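Computed from heavy atoms alone, side chains included, the values below leave out hydrogens, waters and symmetry copies. Everything numeric in this text was worked out from a predicted model, so none of it was measured. Each chain gets a letter, A, B and so on, in the order its sequence line appears, and its residues count up from 1.
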Protein chains: 2
Amino acid sequence: MNPNVFDDPRITAVGLLFEVHAGLSARFAAQLDEHGLSPVEFEVLTRLARSPGAQLRMTDLAAQTSLSTSGVTRVVDRMERDGLLTRRACPSDRRSSYAVVTPAGLSRLDGCLPGHLQIIEDWFTGQLDPSALDAVLDGLRRVRDAVNPCATAGSGDDPEEGTGPC
Amino acid sequence: MNPNVFDDPRITAVGLLFEVHAGLSARFAAQLDEHGLSPVEFEVLTRLARSPGAQLRMTDLAAQTSLSTSGVTRVVDRMERDGLLTRRACPSDRRSSYAVVTPAGLSRLDGCLPGHLQIIEDWFTGQLDPSALDAVLDGLRRVRDAVNPCATAGSGDDPEEGTGPC
DNA sequence: AAGCAACTATACGCTAGACAACATTCCCCG
DNA sequence: CGGGGAATGTTGTCTAGCGTATAGTTGCTT
């Protein structure tokens, strides 16, 4: 019927990509867990921290993450309860509210980052010599530009920068 | 405090990888949805279809997917209800049971695959010329071998082949 | 033969997130 | 002005899935 459709090189390629993603994700999650953060919370924290004023409107936050607006509401609820974030009313638009990183949130993030970077280096970037790494990154960048054109305009290669409102 | 920690090339690298993954995942999910399959169900179906006899023991299925054993029970329940799978008693070990793909399940899978492959080609492999693609795949393979050593022994580059029992 | 390990299924509670409905607010256009 | 539509955030409802504990069955080892 389908004599080894699964040996198709396209399947292989996606398989590799997804395996690498899964492996890294698992290691990230384990390390973040040591600091009491879920991957989503870490993503929210980094998104906010790298934004001007360490704040973003809820909608923009949703657009930049993999979350829906209601998902953002829930995550921010949790993180506000934990003291990592605060809501602040937007002066110019009373419908909007900002999610703002608190000092506690920033220090929590700072506690995570070194270990996070170390994992990346140990399991990803450090596994390849510089030229091979560049080749991989160039390729990924091209694919990213196709798959997620919004990100191209952004500051750099931010993960899922502007996922939503394309 | 952290003057642009986020421009660290390591962050960039992971960002690219995750963005590509997210973009492809979203497109896969949309296409599978047209065929009434969730990504997990598709994964289960492909796992089974590529196994000898189009069947696997529940435990092995759990090991090869991102699911727990109880999770597999649930998914197989659903898919059995939908007629895509059947449970069959294992002759050699009466504790075990096989999940077997039904003809309906196979044809459902066959209906998905062309579109699935097309997406891969359109958004991933076709975006790079052969040599660049090879470079990316070689790099990913090396990283995969580090991050998920179990997969190396397998038939090829199966996604998450043997994720569980390492 | 007996006890221990493995495999599956199930029930419980729990979390996360999507989707749709909602109230509020803004803004454009008549 | 003023009304309708769009945007924004929140909430209720629903599904999916995990983790744990429990149980029943079977296989294996001693």
Side-chain angles (χ1 to χ4, degrees), chain A residues 22 25-26 28-30 32-33 36-45 47-48 55-82 84-100 160 162-166, chain B residues 22 25-26 28-30 32-33 36-45 47-48 55-82 84-100 160 163-165:
Chain A
S25 292
F28 289 156
L32 290 174
D33 194 61
L37 286 178
S38 74
V40 170
E41 289 165 345
F42 178 75
E43 190 186 0
V44 165
L45 224 40
R47 286 285 165 211
L48 293 176
Q55 59 180 15
L56 277 176
R57 294 185 334 165
M58 300 293 279
T59 307
D60 296 334
L61 188 52
Q64 290 189 15
T65 58
S66 50
L67 292 171
S68 66
T69 62
S70 69
V72 166
T73 295
R74 301 246 145 87
V75 177
V76 172
D77 280 350
R78 257 179 287 154
M79 297 176 73
E80 193 172 24
R81 208 176 307 132
D82 295 349
L84 305 173
L85 259 54
T86 313
R87 281 181 170 86
R88 184 180 344 256
C90 171
S92 64
D93 186 342
R94 292 220 301 255
R95 293 170 302 180
S96 298
S97 56
Y98 283 109
V100 194
E160 281 133 43
T163 282
C166 207
Chain B
S25 292
F28 289 156
L32 291 173
D33 194 60
L37 285 179
S38 74
V40 170
E41 289 164 345
F42 178 74
E43 190 186 358
V44 165
L45 224 40
R47 286 286 166 207
L48 293 176
Q55 58 181 17
L56 277 177
R57 293 186 335 170
M58 300 293 281
T59 306
D60 296 335
L61 188 53
Q64 290 188 14
T65 58
S66 50
L67 292 170
S68 66
T69 62
S70 65
V72 165
T73 296
R74 295 288 160 76
V75 177
V76 172
D77 281 350
R78 249 181 296 153
M79 298 177 73
E80 193 172 25
R81 206 177 309 132
D82 295 349
L84 305 173
L85 259 52
T86 314
R87 283 181 168 87
R88 183 180 349 253
C90 171
S92 64
D93 185 341
R94 294 220 299 255
R95 294 170 302 179
S96 298
S97 57
Y98 282 110
V100 193
E160 282 134 39
T163 282

To the nearest 0.5 angstrom, please state how far the [atom1] atom of [X] sits from the [atom2] atom of [Y].
X: A/Phe42; Y: A/Asp33; atom1: CZ; atom2: CG; value: 13.5 Å
X: B/Ser38; Y: B/Met79; atom1: OG; atom2: CE; value: 7.5 Å
X: B/Met58; Y: B/Cys90; atom1: CE; atom2: SG; value: 13.0 Å

Round to a whole Å and report the spacing from CD of B/Glu80 to C1' of C/dA9. 12 Å
For the side chain of A/Asp82 and the backbone of A/Leu84, is there at least one donor-acceptor N/O pair under 3.5 Å apart? no
Decide if atom CZ of B/Arg87 counts as having more than 12 heavy atoms of other residues, nucleotides or ligands within a radius under 6.0 Å. yes
If you only use heavy atoms from C-beta on, which nucleotide in C/dC7, C/dA9, C/dT10 is closest to the side chain of B/Asp77? C/dT10
Where the side chain of A/Val75 is defined as all heavy atoms beyond and including C-beta, which of C/dC7, C/dG17, D/dT8 is the nearest nucleotide? C/dG17
Filtered N/O pairs between nucleotides 21-26 of chain C and protein, under 3.5 Å:
residue	atom	partner	partner atom	Å
C/dC26	OP1	A/Arg94	N	3.1

Classify the nucleic acid contact of A/Thr73 as base, sugar-phosphate or nothing, counting any heavy atom under 4.0 Å across all strands shown. base
Only residue of B/Thr69, B/Leu67, B/Leu48 satisfying side-chain contact (heavy atoms from CB on, under 4.5 Å) with B/Leu61 is B/Leu48
Do any N or O atoms of the protein come closer than 3.5 Å to N or O atoms of nucleotides 18-21 of chain D, and which pairs are they?
residue	atom	partner	partner atom	Å
D/dC18	OP1	B/Ser66	O	3.4
D/dC18	OP1	B/Ser68	N	3.3
D/dC18	OP2	B/Ser68	OG	3.4

